[in-house]
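Both counts, for ligands and for their atoms, begin at 1 and track the order of listing.
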Amino acid sequence: MTFSKPQRPTFILAAAAVVLGGSVVARAQSPGSTVWSGVYTDEQADRGKAAYAANCASCHGDTLAGIDVAPPLTGAGFLNNWNGTSAGDLFNRIKTTMPLNAPATLSGRTVADIEAFIFKANGFPAGQVALPSAPPMMANMKIVSQKPAN
Ligand code: HEC
């Protein structure tokens, strides 16, 4: 009886922490669930670098820093725009609206290669499996700007 008073609020706080923390832990631990778990290959990013130079650099710049109205494709501002979306969302954005002067002219494979290059430029690590060119397969690859703690 003497313990019932402090125990009750402690229990509620602990339960709330489990509910709030549970989803975060599950996301960080499920493989392939964020761009920090290696969702493209180095070879793919190299192909993407060449395709970027040919199709994107004239507006977004050789270093992806942006030129005039074409925004940067690396850095805090870019990552802030895409934080919480998926690799599939970014794929669709590029595939359907870019290059701005010739939208929807690039193959899915080329778009995936360019996206891999953009991921590499943003510091996301390479892995063993190439980024697919099918958005439904990338819906669970979350773009998160900060590397999740294990
Ligand atoms: C003719 C110039 C031009 C070319 C070429 C071009 N872009 Fe863009 N891009 C823009 C402009 C301007 C915007 C901002 C306006 C808009 O969103 O339409 C933009 C926006 C974007 C965005 C959204 C950025 C954000 O922070 O939300 C992405 C991603 C992007 N471009 C990727 C690409 C990729 C990848 C290529 C090459 C396949 C490419 N662009 C080629 C001009 C260009």
Side-chain angles (χ1 to χ4, degrees), residues 9 12-150:
I12 291 169
L13 284 177
V18 168
V19 170
L20 290 172
S23 62
V24 175
V25 171
R27 220 183 306 147
Q29 285 175 348
S30 112
S33 61
T34 83
V35 290
W36 291 96
S37 57
V39 296
Y40 69 90
T41 63
D42 273 324
E43 185 198 17
Q44 183 179 31
D46 285 347
R47 285 197 308 266
K49 185 178 185 178
Y52 175 88
N55 298 290
C56 319
S58 60
C59 289
H60 291 280
D62 292 339
T63 61
L64 300 87
I67 301 173
D68 296 333
V69 290
L73 302 179
T74 62
F78 174 74
L79 291 177
N80 196 43
N81 286 347
W82 290 92
N83 190 38
T85 67
S86 74
D89 294 330
L90 181 55
F91 178 95
N92 279 328
R93 171 72 150 101
I94 297 169
K95 181 88 173 76
T96 58
T97 71
M98 294 292 145
L100 194 61
N101 51 350
T105 53
L106 299 177
S107 72
R109 182 178 192 255
T110 298
V111 170
D113 290 352
I114 292 171
E115 189 171 356
F117 173 62
I118 293 172
F119 283 169
K120 187 168 192 173
N122 278 282
F124 304 141
Q128 303 301 314
V129 180
L131 195 64
S133 48
M137 292 175 70
M138 308 181 211
N140 69 339
M141 295 175 187
K142 289 286 166 217
I143 298 174
V144 287
S145 52
Q146 298 295 318
K147 184 175 184 176
N150 291 318

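When each atom of ligand 1 is checked for a heavy atom of Asn81 under 4.0 Å away, the hits are 25 (C), 26 (O), 27 (O). Against a heavy-atom cut-off of under 4.0 Å, Ile114 is close to the following atoms of ligand 1: 35 (C), 38 (C). Which parts of ligand 1 touch Asn55 is read off a 4.0 Å heavy-atom cut-off, strictly below it: atoms 5 (C), 37 (C), 41 (C). Proximity to Leu90 (heavy-atom distance under 4.0 Å) selects the following atoms of ligand 1: 29 (C). Of all atoms in ligand 1, listed by their number and element, those nearer than 4.0 Å to a heavy atom of Phe78 are 26 (O).
The part of Trp82 lying near ligand 1 is the side chain, judged by heavy-atom distances below 4.0 Å. Heavy atoms of Leu106 found under 4.0 angstrom from ligand 1 belong exclusively to the side chain.
Sorted by first and then second residue, the ring pair (Phe, Tyr, Trp, His ring centres under 6.0 Å) pairs involving residues 86-108 (not counting sequence neighbours) form an empty list. A ring pair (Phe, Tyr, Trp, His ring centres under 6.0 Å) check over residues 37-67, counting only residues at least two apart or in different chains, returns the pairs Tyr52-Phe117. Sorted by first and then second residue, the pairs that involve residues 118-150 and meet ring pair (Phe, Tyr, Trp, His ring centres under 6.0 Å), not counting sequence neighbours, are Trp36-Phe124, Phe119-Phe124.
Side-chain contact, Ser107 with Thr110: a donor N or O sits under 3.5 Å from an acceptor N or O.
For a threshold of 3.5 Å applied to N or O pairs, the pair formed by Arg93 and ligand 1 contains at least one separation below that value.
The shortest distance between side-chain heavy atoms of Ser133 and Val111 does not fall below 4.5 Å.
Taking 4.0 Å as the cut-off between side-chain N and carboxylate O, Lys49 and Asp113 do not count as a salt-bridged pair.
Less than 2.8 Å away from atom 8 (Fe) of ligand 1, the protein contributes these N/O/S atoms: His60 NE2, Met98 SD.
The two residues Gly75 and Asn122 come nearest to each other via the heavy atoms N-OD1, 3.1 Å. Counting all heavy atoms, side chain and backbone alike, Cys59 lies closest to Ala70 at O-CB, 3.1 Å. The two atoms that bring Ile67 and Ala57 nearest to each other are CD1-O, 4.2 Å, heavy atoms only.
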Checklist entry - Could you walk me through whether Ile143 and Asn83 pass the side chain to side chain contact (heavy atoms under 4.5 Å, CB included) check? => result CA-CA 5 Å; Ile143 298 174; Asn83 190 38; 5.7 Å; no
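Remark: atom 43 (C) of ligand 1 lies closer than 4.0 Å to at least one protein heavy atom.
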